[in-house]
Amino acid sequence: MKFGLKKQGITLIVISSLYGIGAVASTIPGLGIESIRFINSVKKQLQIIMPKDKYVLDAESPLYEPIMHNVIRTSYLADAISTIDSFNAAEKDKFTPLYTDFTNAWYTERWQPVIDQKQNIDFYDIATDMIRFDQAIASEFQSYGYVNTGTQWIFHKNGISEIFSRDLRENAIKQQSVWDQDEYEDLIESTGPGLTGITVKQSPGTKLVNNKVWFLNQQIDSIKYAISIQSLQNPFVNKNLRVEDVADYVTINDLYHPNFTRGLTMAQLSFIFMLSAVVVSPTCLGFGIWKYKKWEKSEKVESAGE
């Protein structure tokens, strides 16, 4: 009986600890995990399209600043603007100026010091910075949950209300939807690539996979254009680059298809699990300690009697 008390006490203490740890651990997945998987698939394609040290913009080229200020800056803006549903007037009017200001500030802070110092610029570094740029926009204007763990999201400002938001679920459905790529691109109206970069005049907005496939392929065309303008000058450090060496176009099958609604449901369930742990863990812990103390007391009584 006495041993039973000890065993029960230890068991309850262990269970309470594991329940609490499990509740916290369960909050880690969420929208952010789906985003990480998607981003990793994009990074994999970037390593194919523009591997490190292959397409390095020559700081001594007369096209160095025009490419950075015209082509690269507008690529950042096209990346952002293309995620806006221009067929939704309210969304277009709200986000176009916000994204434009955010893009200009980001580009200036990230690349102007590099340009001023006349440093060679690797297109791979630009591409990976654009991933961080996309994450920053998602966090700033969509939801913090898209680019952070569920645990961080729960404890972030307005995190809990976002997790149970109907609007966010609708946004998640829109973001994860995958169309036929040709149908998606039929609704995009843009100019470029060229010396003035890419300008998006119309877009159906983010169906995340479709949008990123379109943008990555725009980057492939931009590289081809930069190599082909031999009448001016090959702007890359490697003067032997050929259009034929540029990677093939990306398809929707090359990227991970995130399931944000699944991530959102997991975040909701894990939050409820965590709330239950607030009650269950202390109760089990307290009862376990009481059982263990009762066993210790009986041991002392028995020892005193001997």
Side-chain angles (χ1 to χ4, degrees), residues 31-32 34-52 55-57 65 67-86 91-92 94-116 119 121-149 152-153 156 171 174-175 188 190 192-193 196-200 203 205-223 250 255-256 258 260:
L31 299 180
E34 292 297 305
S35 293
I36 288 172
R37 291 174 177 170
F38 174 73
I39 288 169
N40 286 340
S41 71
V42 173
K43 287 181 177 178
K44 183 178 179 180
Q45 291 304 308
L46 290 177
Q47 291 167 356
I48 297 172
I49 296 169
M50 52 186 80
K52 184 74 174 172
Y55 301 108
V56 180
L57 189 60
E65 289 198 24
I67 285 177
M68 288 304 298
H69 290 314
N70 297 331
V71 178
I72 302 304
R73 181 192 288 271
T74 58
S75 290
Y76 274 87
L77 186 58
D79 182 31
I81 297 299
S82 68
T83 65
I84 299 173
D85 182 358
S86 55
E91 181 175 329
K92 182 179 179 179
K94 176 182 177 180
F95 288 112
T96 299
L98 292 175
Y99 284 11
T100 301
D101 291 345
F102 187 88
T103 301
N104 289 332
W106 181 282
Y107 174 87
T108 300
E109 182 178 349
R110 175 62 182 90
W111 295 113
Q112 193 58 54
V114 179
I115 295 169
D116 291 341
Q119 298 177 17
I121 299 175
D122 195 324
F123 271 27
Y124 178 79
D125 294 334
I126 294 174
T128 53
D129 183 67
M130 280 189 174
I131 291 176
R132 292 188 286 272
F133 171 71
D134 289 339
Q135 290 176 296
I137 283 187
S139 179
E140 181 75 18
F141 300 106
Q142 301 298 327
S143 171
Y144 182 85
Y146 275 123
V147 292
N148 292 279
T149 66
Q152 292 172 299
W153 189 19
H156 189 258
N171 182 267
K174 182 176 73 171
Q175 294 276 356
I188 293 183
S190 64
T196 57
I198 303 168
T199 302
V200 176
S203 172
T206 297
K207 308 295 183 284
L208 189 60
V209 173
N210 296 112
N211 181 261
K212 188 54 65 179
V213 166
W214 170 81
F215 187 72
L216 288 173
N217 289 338
Q218 289 293 303
Q219 301 314 296
I220 291 173
D221 283 338
S222 294
I223 292 171
V250 179
L255 300 182
Y256 175 76
F260 289 125

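Both backbone and side-chain heavy atoms feed into the values below; hydrogens, waters and symmetry mates do not.
With a 4.5 Å cut-off on side-chain heavy atoms, Trp111 and Asp129 count as touching. A 4.5 Å side-chain heavy-atom check between Pro258 and Gln175 finds every atom pair outside the cut-off. Between Thr108 and Arg73 there is a side-chain heavy-atom pair separated by less than 4.5 Å. No side-chain heavy atom of Ser222 sits less than 4.5 Å from a side-chain heavy atom of Phe123. You'll find the side chain of Asp221 stays beyond 4.5 Å of the side chain of Ile198, heavy atoms only. The shortest side-chain heavy-atom distance between Val200 and Leu77 does not fall under the 4.5 Å cut-off. Looking at Ile126 and Met68, their side chains come closer than 4.5 Å, going by heavy atoms from C-beta outward.
Thr96 approaches Thr100 most closely through the heavy-atom pair O-OG1, 2.7 Å. The nearest pair of heavy atoms linking Val250 to Val213 is O-CG1, 3.4 Å. In terms of heavy-atom proximity, Thr74 sits nearest to Gly197 at OG1-CA, 3.2 Å. Summarising the geometry of Glu91 relative to Thr83, their closest heavy-atom pair is OE2-O, 4.0 Å, with the distance given to 0.1 Å. Phe38 and Tyr256 make their closest contact through CD1-O, 3.2 Å (heavy atoms, listed as atom of the first residue, atom of the second, distance). Counting all heavy atoms, side chain and backbone alike, Phe133 lies closest to Tyr76 at CE2-O, 3.5 Å.
A salt bridge between Arg37 and Glu34 is present, with a side-chain N of the basic residue lying under 4.0 Å from a carboxylate O of the acidic one.
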task: Could you check Leu208 against Lys174 for side chain to side chain contact (heavy atoms under 4.5 Å, CB included), going step by step and ending with a plain yes or no?
output: CA-CA 8 Å; Leu208 189 60; Lys174 182 176 73 171; over 6 Å; no

message: Let's go through Phe215 and Met130 carefully: what are the C-alpha distance in whole Å and the side-chain angles of both, what is the deciding distance for side chain to side chain contact (heavy atoms under 4.5 Å, CB included) to 0.1 Å, and is it a yes or a no?
response: CA-CA 11 Å; Phe215 187 72; Met130 280 189 174; 3.6 Å; yes

- request: Take Tyr146 and Asn171 through the side chain to side chain contact (heavy atoms under 4.5 Å, CB included) test and state the conclusion after the steps.
  value: CA-CA 11 Å; Tyr146 275 123; Asn171 182 267; 2.5 Å; yes

task: Kindly indicate, with the supporting measurements, whether the criterion side chain to side chain contact (heavy atoms under 4.5 Å, CB included) is fulfilled by Thr199 and Ile81.
output: CA-CA 9 Å; Thr199 302; Ile81 297 299; over 6 Å; no

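A side-chain donor from one of Asn211 and Ser82 sits under 3.5 Å from a side-chain acceptor of the other.
Atoms CH2 and OG, from Trp214 and Ser190 in turn, are 5.0 Å apart once rounded to the nearest 0.5 Å. Taking CD1 of Ile48 as the reference point, atom CD1 of Ile220 lies at 9.5 Å (rounded to 0.5 Å). With values rounded to the nearest 0.5 angstrom, Ile223 atom CD1 is found 4.0 Å from Met50 atom CE. A distance of 11.5 Å separates CG of Leu57 from CG of Asp125, quoted to the nearest 0.5 Å. If you take CZ on Arg110 and OH on Tyr107, they are separated by 11.0 Å, rounding to the nearest 0.5 Å. For the atom pair Ile49 CD1 and Leu216 CG, the distance stands at 4.5 Å (nearest 0.5 Å).
Environment of NZ in Lys52: crowded, with over 12 heavy atoms of neighbouring residues, nucleotides or ligands closer than 6.0 Å.
Taking the side-chain hydrogen bond (donor to acceptor under 3.5 Å, both in side chains) definition, one finds that Gln47 meets it with nothing, sequence neighbours left out. Here Asp116 pairs with Gln112 under the side-chain hydrogen bond (donor to acceptor under 3.5 Å, both in side chains) rule; sequence neighbours left out.
Remark: the backbone N or O of Ala136 is not paired with any side-chain donor or acceptor of Ser139 at under 3.5 angstrom.
Applying the salt bridge (charged side-chain N to carboxylate O under 4.0 Å, His left out) rule to pairs touching residues 209-218 yields Asp79-Lys212, Asp134-Lys212, sequence neighbours excluded.
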